[in-house]
Amino acid sequence: MPRKTHVPGRRAYSPCSANFRSRTRLSAISSASSAESWSTEPLQGFISHINSSYSGFQFSTTKGFFNVMSIAGYSAESLSNRFRSHYCGLLNPSFEQTEVRLGGWVHRIRDHGGLIFIDLRDHTGICQLVIQPEREELFGKAEQLHAESVICVRGTVVRRSPATVNPKLASGEIEVVLSDISIESNAQPLPFPVADELPTSEELRLKYRFIDLRREKIHQNIIFRSRISGAIRRYLEEKGFIEIQTPILTSSSPEGARDFLVPSRLHPGKFYALPQAPQQFKQLLMVSGFPRYFQIAPCFRDEDARADRSPGEFYQLDMEMAFIEQDDLFAILEGLMEHLVGSMSQKRITQVPFPRISFRDVMNRFGSDKPDLRIPLEMQDVTKLFVNSGFKVFASNTKEGCCVKALVLKGRGNESRLFYDKAEKRARELGSAGLAYIQFKDEGPKGPVVKFMSEDELSALKAELSLETGDVVFFAAGKWEPTCKIMGGMRIYFGDLFELDRDELSFCWIVDFPMFEYNEEAKKVDFSHNPFSMPQGEMDALDTMNPLDILAYQYDIVCNGIELSSGAIRNHKPEIMYKAFGIAGYPKEEVDKRFGHMIDAFKLGAPPHGGIAPGLDRLVMILRDEQNIREVIAFPMNQSAQDLMMSAPSEVLASQLKELCLKIDLPPAKEEKK
RNA sequence: GGAGCUGUAGCUCAGCUUGGUUAGAGCGCCUGCCUGUCACGCAGGAGGUCGCGGGUUCGAGCCCCGUCAGCUCCGCCA
């Protein structure tokens, strides 16, 4: 494609500082993109109504026009046309006496009889419009307006008298005295208010999501999400990543979560599946020689919802890199997170590089593979103190595979009985048989298990755990992993006693996950995570070690108790793969049958590679302090995976089913109980 | 599949513990008044199958059973 010389658009900067800054930034981006995409074709229809008297630009190309439109979504760029010359929230005294055209939604109306105020809201904020008594012709129009009507107005920016300045509004030093109103859309009374951000039932919010999205908080969340996506793209492209889209219609795989299936018309009786993640595609892209891949990838899993798990679909920042080791990937992710947090939030990361904790350690210390490191509590192992104890409950759990765990709360040894009873109730909810504890009071140790312990054991405990008078220690004993998890649950329960810093982001890497685990039900060794992960020590480890002791290059990234992603350095060597599957009890033939296309690819020239896929929705949730994932998704489904606005899922026409050779065979309706 | 919480006016909620006049409040809506408000103010008005079904009772918004819906959790999430 021949490139023509770039002709810059006409510019007329306002002296207003805020607007000036944003336009300056915009012009740099626009120039760059226009230079890339210049074409000589004029776009007469679209361009003719773009009036450049206030805005900075006049565009003459399709691409230039749309590039800037997309940027205008979050910058202060003001497109000037018959509807609007300025944005409400950006007006300030520097526009005094300027004739402006504004378009937006009626946020509130205050009708004083002889004088009407309208708060007009657009994407940028609110400004106050005034209808003066001498403008009688406007009163009739204004009096019929409801909240949330869309109007376009003309008027003059005037400075408010000092007594009437509204410090709550960014535009509170000015108001716009109207000369004309045009009602584009007079709204009927709404099912719930936009201006008062009152709590509203989730059902209504979802059904009328387009109204809910007008509310400032969620509106800003969606803008923020867009900006995060943009920042991710710019950062990763600069680091040599290539954005590649992978199929949405693909094949079903029996592993993992349930698939969403899509019937095939051309192949009756066969189905596509929506991808649970582009896992295989991204590994194949490495085999294709792309050094670094990324995609903000939709992932579909037919699983039940949670507060941090949207049912059906979610987005991952999917990444994969060739010729890397675990540390290389960690450095890239740490750089990206540092960049995003630093440039887009007020939060700070506790420690960079992020701490790395082995799976064994994190379970022993925090009782979870997704610890909230902000909670200043850590479990301790006291198994060895009770090997010969007279307290059978503990002594019987000192053998191999079992443990006794202690959790100390400093200065909580003199709480009311209720405090300890509630803690025990919580422990039972978590699956514990009970919750032993010892209060170290002025008069000595107290608690239900003290009588089973010798003086020596109590003083050994005191020394081992550095206990002081006024402290309390809780115990759990049993098999290693469940016991750790129960105490981990208690650690979170007691975490409420501490005020956590909401602006702190305590990232960490959990590393050294075991490659295999023993499946008690099937009485065999199983993969504990992704079978495609590379075992640490590679073939040598598989040949010589006890399978249950082999670790994998498998890792999780965790922030404030939320798992953002798993990832792994992949196993790209077919012989190691066959060996690993063999240990898990899969013969070569079966591996070929189930994963043949992957293994074939790895036989045809595969580089070492690895990757990760942080959940974008969860990342945005954390950065925006949201407790529910729906708050960062424009059109989410409800808990039972229905779209209440679009009425999905829905029945389809019989003719559609017939074309797909499908018959509906519902289970019989439940018998009425008598 | 299981458990918990919630369901009363268009919206947000009170009333339910201890069944008993005509089921209330704020916001919104309608009518009228109001020239400096910014959650404007003032006066008046309309608006209810108390989620739905059954039961107990002389009588149920309230008690019991079932059911539906929303949320949260467990299971599930290679």
Side-chain angles (χ1 to χ4, degrees), chain A residues 107-121 126-136 139 143-144 146-148 158 160-169 171-173 175 177 187-208 211-212 252-259 275-277 279-280 299-314 429-431 489 526-533 554 563 566 568 584 594-595 613 615 627-630 636-642 644 669-674:
Chain A
H107 195 66
R108 260 188 249 277
I109 305 176
R110 290 175 294 281
D111 183 349
H112 289 235
L115 185 68
I116 297 177
F117 297 102
I118 298 172
D119 289 340
L120 189 68
R121 185 192 71 239
I126 290 170
C127 84
Q128 175 166 281
L129 314 177
V130 193
I131 300 174
Q132 301 280 24
E134 52 271 26
R135 290 282 183 179
E136 266 181 57
F139 272 69
E143 278 164 359
Q144 55 176 292
H146 286 109
E148 296 304 310
V158 301
R160 299 197 197 187
S161 70
T164 61
V165 163
N166 182 357
K168 290 187 213 161
L169 283 187
S171 66
E173 284 182 82
E175 61 195 5
V177 177
Q188 296 172 7
L190 266 62
F192 56 87
V194 172
D196 308 306
E197 299 219 9
L198 293 170
T200 304
S201 83
E202 203 67 25
E203 196 176 354
L204 272 180
R205 291 183 59 199
L206 292 175
K207 187 166 177 189
Y208 299 96
I211 294 171
D212 193 36
S252 178
S253 60
E255 300 80 27
R258 280 182 286 268
D259 283 321
Q276 297 185 22
Q279 181 64 38
Q280 296 190 17
C299 302
F300 305 89
R301 295 178 192 174
D302 187 2
E303 294 299 335
D304 290 349
R306 288 290 182 277
D308 64 352
R309 206 166 79 199
S310 193
E313 56 186 85
F314 61 98
E429 284 170 7
L430 291 165
D526 255 346
F527 288 107
S528 50
H529 284 85
N530 188 332
F532 290 104
S533 299
Q554 167 88 36
E563 183 193 319
S566 282
R594 290 174 62 181
F595 304 106
Q627 303 303 303
N628 194 292
I629 205 159
R630 289 186 297 273
M637 295 201 283
N638 70 2
Q639 173 159 267
S640 39
Q642 295 166 302
L644 297 177
K670 273 185 207 165
E671 289 287 324
E672 234 177 272
K673 285 174 192 168
K674 294 192 177 166

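Lettering of chains follows the sequences in order, A, B, ..., and the numbering in each one begins at 1.
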Does [X] make a side-chain N or O approach to OP1 or OP2 of [N] shorter than 4.0 Å?
{"X": "A/Arg301", "N": "B/A78", "answer": "yes"}
{"X": "A/Gln639", "N": "B/U72", "answer": "yes"}
{"X": "A/Arg110", "N": "B/U37", "answer": "no"}
{"X": "A/His529", "N": "B/C77", "answer": "no"}
{"X": "A/Arg306", "N": "B/C74", "answer": "yes"}
{"X": "A/Asn628", "N": "B/U72", "answer": "yes"}
{"X": "A/Arg108", "N": "B/C40", "answer": "yes"}
{"X": "A/Asn530", "N": "B/A78", "answer": "no"}
{"X": "A/Lys207", "N": "B/G70", "answer": "no"}
{"X": "A/Gln642", "N": "B/G70", "answer": "yes"}
{"X": "A/Arg630", "N": "B/U72", "answer": "yes"}

Taking only the side-chain heavy atoms of A/Asp119 (C-beta and beyond), determine which of B/C76, B/C11, B/C38 contains the nearest atom.
-> B/C38
Any N/O donor-acceptor pair, A/Glu203 side-chain to B/G7 base, under 3.5 Å = no
Side-chain-base donor-acceptor pair under 3.5 Å for A/Asp304 and B/G75 = yes
In whole angstrom, give me the gap between the P atoms of B/G4 and B/C64.
-> 14 Å
Euclidean distance for C1', B/C50 against B/A60 (whole angstrom) | 11 Å
Report the residue (A/Met637 or A/Ser201) whose heavy-atom-nearest nucleotide on RNA chain B is the more 5′ of the two.
-> A/Ser201
So, A/Phe300 versus A/Phe314, ring centres under 6.0 angstrom or not?
-> no
